[in-house]
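We count residues from 1, following the sequence as given. Not measured: the values here are computed from a predicted model.
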Amino acid sequence: MKPWLPLAGALVVQACSFPCDKTGDSRGTLQPVSGSGQLVVSCASRQDTRTFAFHETWFLYSVHDLEKKTRSFEVTLGFQGQNAPANLNFTFDRTLADGAYPLDGQSTAPVQTELTWMRSLEGTVSLARSRDVPFIDVSEPEPGEYATTVDLTLALTGQLTSYYSFDCPEPLQFTLLPSTVHLEKHTTVGTCDGGDVLEGLSNARLGH
(Lines give C-alpha, C1' and ligand atoms only; values in the text may rest on other atoms or scores of the structure.)
Protein backbone atom coordinates (compact mmCIF):
# COMPACT_ATOMS: atom_id res chain seq x y z
CA MET A 1 0.00 0.00 0.00
CA LYS A 2 1.40 3.39 -1.00
CA PRO A 3 1.94 5.98 1.78
CA TRP A 4 -0.34 9.05 1.80
CA LEU A 5 2.40 11.52 0.99
CA PRO A 6 0.15 14.26 -0.41
CA LEU A 7 -2.01 14.24 2.72
CA ALA A 8 1.01 14.19 5.00
CA GLY A 9 2.49 17.05 3.02
CA ALA A 10 -0.72 19.03 3.34
CA LEU A 11 -0.82 18.50 7.09
CA VAL A 12 2.76 19.67 7.44
CA VAL A 13 2.10 22.78 5.31
CA GLN A 14 -1.02 23.67 7.33
CA ALA A 15 0.97 23.53 10.56
CA CYS A 16 3.49 26.09 9.25
CA SER A 17 3.00 29.85 9.56
CA PHE A 18 5.00 32.47 7.71
CA PRO A 19 4.92 36.21 6.92
CA CYS A 20 2.94 37.17 3.83
CA ASP A 21 1.78 40.23 1.95
CA LYS A 22 -1.78 41.08 2.97
CA THR A 23 -1.95 44.26 0.89
CA GLY A 24 -3.42 42.58 -2.17
CA ASP A 25 -2.10 45.28 -4.48
CA SER A 26 1.29 45.94 -6.12
CA ARG A 27 0.44 49.57 -6.92
CA GLY A 28 1.88 52.69 -5.33
CA THR A 29 1.64 56.42 -5.95
CA LEU A 30 3.90 58.53 -8.16
CA GLN A 31 4.57 62.23 -7.62
CA PRO A 32 6.61 64.35 -10.08
CA VAL A 33 9.39 66.27 -8.32
CA SER A 34 11.29 68.09 -11.07
CA GLY A 35 11.70 68.13 -14.82
CA SER A 36 9.04 67.68 -17.46
CA GLY A 37 8.13 64.14 -16.44
CA GLN A 38 7.07 63.52 -20.02
CA LEU A 39 8.01 61.03 -22.70
CA VAL A 40 8.16 62.69 -26.14
CA VAL A 41 7.66 60.32 -29.10
CA SER A 42 8.03 61.55 -32.67
CA CYS A 43 7.83 60.38 -36.26
CA ALA A 44 10.21 62.64 -38.21
CA SER A 45 8.95 61.93 -41.74
CA ARG A 46 5.36 62.76 -40.77
CA GLN A 47 6.24 65.59 -38.39
CA ASP A 48 4.07 63.91 -35.79
CA THR A 49 5.10 64.41 -32.15
CA ARG A 50 3.18 63.16 -29.12
CA THR A 51 3.81 63.75 -25.42
CA PHE A 52 2.92 61.36 -22.60
CA ALA A 53 3.10 62.22 -18.90
CA PHE A 54 3.81 59.62 -16.22
CA HIS A 55 0.80 57.83 -14.80
CA GLU A 56 0.08 58.61 -11.15
CA THR A 57 0.46 54.97 -10.13
CA TRP A 58 3.40 52.57 -10.35
CA PHE A 59 3.99 48.89 -9.58
CA LEU A 60 6.57 47.18 -7.37
CA TYR A 61 7.46 43.52 -7.89
CA SER A 62 9.91 41.15 -6.24
CA VAL A 63 11.98 39.16 -8.76
CA HIS A 64 13.78 35.96 -7.72
CA ASP A 65 16.40 34.25 -9.89
CA LEU A 66 16.66 30.72 -8.52
CA GLU A 67 19.58 29.85 -10.80
CA LYS A 68 21.71 32.85 -9.80
CA LYS A 69 20.29 32.90 -6.24
CA THR A 70 19.64 36.64 -6.44
CA ARG A 71 16.69 38.78 -5.45
CA SER A 72 15.82 41.96 -7.33
CA PHE A 73 13.00 44.43 -7.39
CA GLU A 74 11.20 45.69 -10.46
CA VAL A 75 9.71 49.15 -10.79
CA THR A 76 7.08 49.54 -13.51
CA LEU A 77 6.04 53.02 -14.63
CA GLY A 78 3.19 53.81 -16.98
CA PHE A 79 2.21 56.77 -19.14
CA GLN A 80 -1.05 58.65 -19.51
CA GLY A 81 -2.77 59.41 -22.78
CA GLN A 82 -4.24 57.63 -25.75
CA ASN A 83 -1.74 55.57 -27.76
CA ALA A 84 0.92 55.80 -25.05
CA PRO A 85 3.61 53.10 -24.85
CA ALA A 86 2.43 50.68 -22.19
CA ASN A 87 5.22 50.33 -19.60
CA LEU A 88 8.71 51.43 -18.65
CA ASN A 89 10.35 48.76 -16.48
CA PHE A 90 13.49 48.97 -14.34
CA THR A 91 14.96 45.95 -12.56
CA PHE A 92 17.46 46.64 -9.77
CA ASP A 93 19.46 44.10 -7.81
CA ARG A 94 18.48 44.62 -4.18
CA THR A 95 22.15 45.14 -3.21
CA LEU A 96 22.64 47.99 -5.69
CA ALA A 97 23.72 51.13 -3.83
CA ASP A 98 22.02 54.48 -4.26
CA GLY A 99 23.61 56.42 -7.09
CA ALA A 100 23.58 57.08 -10.83
CA TYR A 101 23.77 54.23 -13.35
CA PRO A 102 24.01 54.05 -17.15
CA LEU A 103 21.21 52.49 -19.16
CA ASP A 104 21.67 50.70 -22.46
CA GLY A 105 18.50 48.64 -22.77
CA GLN A 106 20.61 45.48 -22.66
CA SER A 107 21.36 42.83 -20.04
CA THR A 108 24.91 44.15 -19.56
CA ALA A 109 23.91 47.29 -17.65
CA PRO A 110 23.73 47.27 -13.82
CA VAL A 111 20.08 48.24 -14.16
CA GLN A 112 17.89 46.29 -16.57
CA THR A 113 15.55 48.51 -18.57
CA GLU A 114 12.68 47.78 -20.93
CA LEU A 115 10.20 50.06 -22.63
CA THR A 116 7.28 48.58 -24.55
CA TRP A 117 8.03 48.53 -28.31
CA MET A 118 11.67 49.49 -27.61
CA ARG A 119 14.28 49.06 -30.36
CA SER A 120 17.11 50.85 -28.56
CA LEU A 121 17.59 52.87 -25.40
CA GLU A 122 20.35 54.78 -23.66
CA GLY A 123 20.54 57.21 -20.79
CA THR A 124 20.94 57.27 -17.02
CA VAL A 125 18.91 56.56 -13.91
CA SER A 126 19.68 57.84 -10.41
CA LEU A 127 18.31 55.71 -7.59
CA ALA A 128 17.63 56.53 -3.93
CA ARG A 129 15.36 54.23 -1.94
CA SER A 130 14.39 52.93 1.47
CA ARG A 131 16.23 49.77 2.48
CA ASP A 132 13.64 47.85 4.51
CA VAL A 133 11.32 46.77 1.69
CA PRO A 134 9.45 43.65 2.86
CA PHE A 135 10.17 40.44 0.89
CA ILE A 136 12.96 42.22 -1.01
CA ASP A 137 15.39 43.59 1.58
CA VAL A 138 13.82 41.66 4.46
CA SER A 139 12.95 38.08 3.54
CA GLU A 140 10.89 37.42 6.68
CA PRO A 141 9.49 40.76 7.84
CA GLU A 142 7.59 41.17 11.08
CA PRO A 143 3.82 41.74 10.79
CA GLY A 144 2.94 45.41 10.48
CA GLU A 145 2.71 48.36 8.11
CA TYR A 146 5.67 49.25 5.86
CA ALA A 147 6.26 52.36 3.73
CA THR A 148 8.54 52.00 0.71
CA THR A 149 9.98 55.07 -1.01
CA VAL A 150 11.92 55.17 -4.28
CA ASP A 151 13.26 58.34 -5.91
CA LEU A 152 14.28 58.05 -9.56
CA THR A 153 15.90 60.65 -11.80
CA LEU A 154 15.65 59.58 -15.43
CA ALA A 155 17.13 60.79 -18.71
CA LEU A 156 16.43 58.61 -21.75
CA THR A 157 16.66 58.63 -25.53
CA GLY A 158 16.12 55.88 -28.05
CA GLN A 159 13.95 54.34 -30.72
CA LEU A 160 10.63 52.53 -30.70
CA THR A 161 9.18 50.18 -33.26
CA SER A 162 6.23 51.75 -35.06
CA TYR A 163 3.32 50.25 -33.13
CA TYR A 164 -0.36 49.69 -33.86
CA SER A 165 -1.59 53.06 -32.56
CA PHE A 166 1.34 55.18 -33.79
CA ASP A 167 2.09 54.23 -37.38
CA CYS A 168 5.37 55.52 -38.83
CA PRO A 169 7.40 54.38 -41.88
CA GLU A 170 10.63 54.53 -39.86
CA PRO A 171 11.54 53.85 -36.20
CA LEU A 172 9.96 56.29 -33.77
CA GLN A 173 12.30 58.52 -31.78
CA PHE A 174 11.68 59.05 -28.07
CA THR A 175 13.16 61.35 -25.43
CA LEU A 176 12.64 61.70 -21.71
CA LEU A 177 14.44 64.84 -20.52
CA PRO A 178 15.93 64.69 -16.99
CA SER A 179 12.99 64.18 -14.65
CA THR A 180 12.74 63.16 -11.01
CA VAL A 181 9.79 61.22 -9.60
CA HIS A 182 9.02 60.20 -6.01
CA LEU A 183 7.41 56.78 -5.60
CA GLU A 184 5.65 55.52 -2.49
CA LYS A 185 4.03 52.21 -1.66
CA HIS A 186 2.43 50.94 1.54
CA THR A 187 2.57 47.23 2.34
CA THR A 188 0.69 45.34 5.04
CA VAL A 189 2.55 42.27 6.27
CA GLY A 190 0.55 39.60 8.08
CA THR A 191 0.83 35.90 8.84
CA CYS A 192 -0.33 33.09 6.59
CA ASP A 193 -0.33 29.32 7.01
CA GLY A 194 -0.71 26.25 4.84
CA GLY A 195 -4.45 26.73 4.72
CA ASP A 196 -3.99 30.06 2.92
CA VAL A 197 -1.66 28.39 0.41
CA LEU A 198 -4.08 25.55 -0.25
CA GLU A 199 -6.99 27.98 -0.58
CA GLY A 200 -5.00 30.03 -3.07
CA LEU A 201 -4.20 26.93 -5.11
CA SER A 202 -7.84 25.87 -5.02
CA ASN A 203 -8.99 29.30 -6.17
CA ALA A 204 -6.43 29.21 -8.99
CA ARG A 205 -7.77 25.85 -10.18
CA LEU A 206 -11.34 27.16 -10.02
CA GLY A 207 -10.40 30.26 -11.98
CA HIS A 208 -11.03 32.83 -9.19
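Inter-residue side-chain proximity for Cys192 and Lys22 is flagged as met; some heavy-atom pair is nearer than 4.5 Å. Ser26 is not listed as a side-chain neighbour of Leu60, based on a closest heavy-atom distance of 4.5 Å or more. Contact annotation: the side chain of Thr76 never approaches that of Trp58 to less than 4.5 Å [non-hydrogen atoms, C-beta and beyond]. A heavy-atom distance below 4.5 Å is found between the side chains of Phe166 and Val41. In this structure, Thr124 and Tyr101 have side chains that are not in contact, with every pair of non-hydrogen atoms separated by 4.5 Å or more. Using a 4.5 Å cut-off on side-chain heavy atoms (C-beta onward), Ser72 and Arg94 make no contact. Taking the side chain as every heavy atom from C-beta outward, Thr113 and Asn89 never approach each other to under 4.5 Å. Residues His55 and Phe79 fail the side-chain proximity criterion, which asks for heavy atoms closer than 4.5 Å.
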What do the steps show when you test Val111 against Leu127 for side chain to side chain contact (heavy atoms under 4.5 Å, CB included), and what is the final call?
CA-CA 10 Å; Val111 181; Leu127 167 72; over 6 Å; no
Yes or no on side chain to side chain donor-acceptor pair (under 3.5 Å) for Ser45 and Glu170, after CA distance, side-chain angles and deciding distance?
CA-CA 8 Å; Ser45 63; Glu170 73 269 8; 2.8 Å; yes
Side chain to side chain contact (heavy atoms under 4.5 Å, CB included) between Leu103 and Phe90, worked out:
CA-CA 10 Å; Leu103 302 174; Phe90 298 94; 3.8 Å; yes
Using side chain to side chain contact (heavy atoms under 4.5 Å, CB included), reason through Asp167 and Arg46 one step at a time and then give a plain yes or no.
CA-CA 10 Å; Asp167 188 29; Arg46 295 184 175 173; 3.7 Å; yes
Could you please spell out the steps behind the side chain to side chain contact (heavy atoms under 4.5 Å, CB included) verdict for Phe54 and Leu39?
CA-CA 8 Å; Phe54 282 119; Leu39 183 75; over 6 Å; no
For side chain to side chain donor-acceptor pair (under 3.5 Å), just list the numbers for Thr188 and Glu145, CA-CA rounded to whole Å, side-chain angles, deciding distance to a tenth of an Å, and then say yes or no.
CA-CA 5 Å; Thr188 301; Glu145 299 293 328; 2.9 Å; yes
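Checked by atom type and distance alone, the side chain of Ser42 never pairs as donor or acceptor with a backbone atom of Thr49 at under 3.5 Å. Checking side-chain atoms of Thr180 against main-chain N and O of Thr153 turns up no donor-acceptor pair under 3.5 Å. Panel note: side chain Ser179, backbone Leu177; a donor-acceptor pair is recorded below 3.5 Å.
Between Ser162 and Cys168, the shortest heavy-atom contact is OG-N, 2.7 Å. In terms of heavy atoms, Arg27 sits closest to Phe59 at CG-CE2, 2.9 Å. Between Gly190 and Pro143, the closest heavy-atom pair is CA-CB, 4.5 Å. Considering every non-hydrogen atom in both Asn87 and Gly78, the closest pair reads OD1-CA, 4.4 Å. Pro134 and Pro141 make their closest contact through CB-CG, 3.8 Å (heavy atoms, listed as atom of the first residue, atom of the second, distance). Shortest non-hydrogen contact noted between Cys20 and Thr191 is SG-C, 3.7 Å.
Using a 4.0 Å cut-off between charged side-chain N and carboxylate O, Lys185 and Asp25 make no salt bridge. Between Asp93 and Arg71, no side-chain nitrogen of the basic residue sits less than 4.0 Å from a carboxylate oxygen of the acidic one, so the salt-bridge criterion is not met.
The residue from Asp98, Thr148, Val138, Ile136 that alone fulfils the side chain to side chain contact (heavy atoms under 4.5 Å, CB included) condition with Arg131 is Asp98.
Separating the CG atom in Leu154 from the OG atom in Ser126 is a distance of 8.5 Å, to the nearest 0.5 Å. Between Ser34 atom OG and His182 atom NE2 the span is 13.0 Å, to the nearest 0.5 Å. Interatomic distance, OH of Tyr146 versus NE2 of His186, reported as 14.5 Å (0.5 Å rounding). The CD atom of Gln38 sits 15.0 Å away from atom CZ of Arg50, with the distance rounded to the nearest 0.5 Å.
Met118 is connected to Val75 through a chain of hydrophobic side-chain contacts under 4.5 Å among Ile, Leu, Val, Met, Phe, Trp and Tyr, so both are in one cluster. No path of Ile, Leu, Val, Met, Phe, Trp and Tyr side chains, each step under 4.5 Å between heavy atoms, connects Leu96 with Val63, placing them in separate hydrophobic clusters. Leu176 and Leu183 fall within the same hydrophobic cluster, where Ile, Leu, Val, Met, Phe, Trp and Tyr residues are linked whenever their side-chain heavy atoms come under 4.5 Å apart, directly or through other members. At a threshold of 4.5 Å between side-chain heavy atoms, the hydrophobic network of Ile, Leu, Val, Met, Phe, Trp and Tyr places Val40 and Leu115 in two separate groups. Val150 and Phe135 fall into different hydrophobic clusters, defined by Ile, Leu, Val, Met, Phe, Trp and Tyr side-chain heavy atoms under 4.5 Å apart, directly or through other members.
Other residues, nucleotides and ligands contribute over 12 non-hydrogen atoms within 6.0 Å of the CD atom of Glu74.
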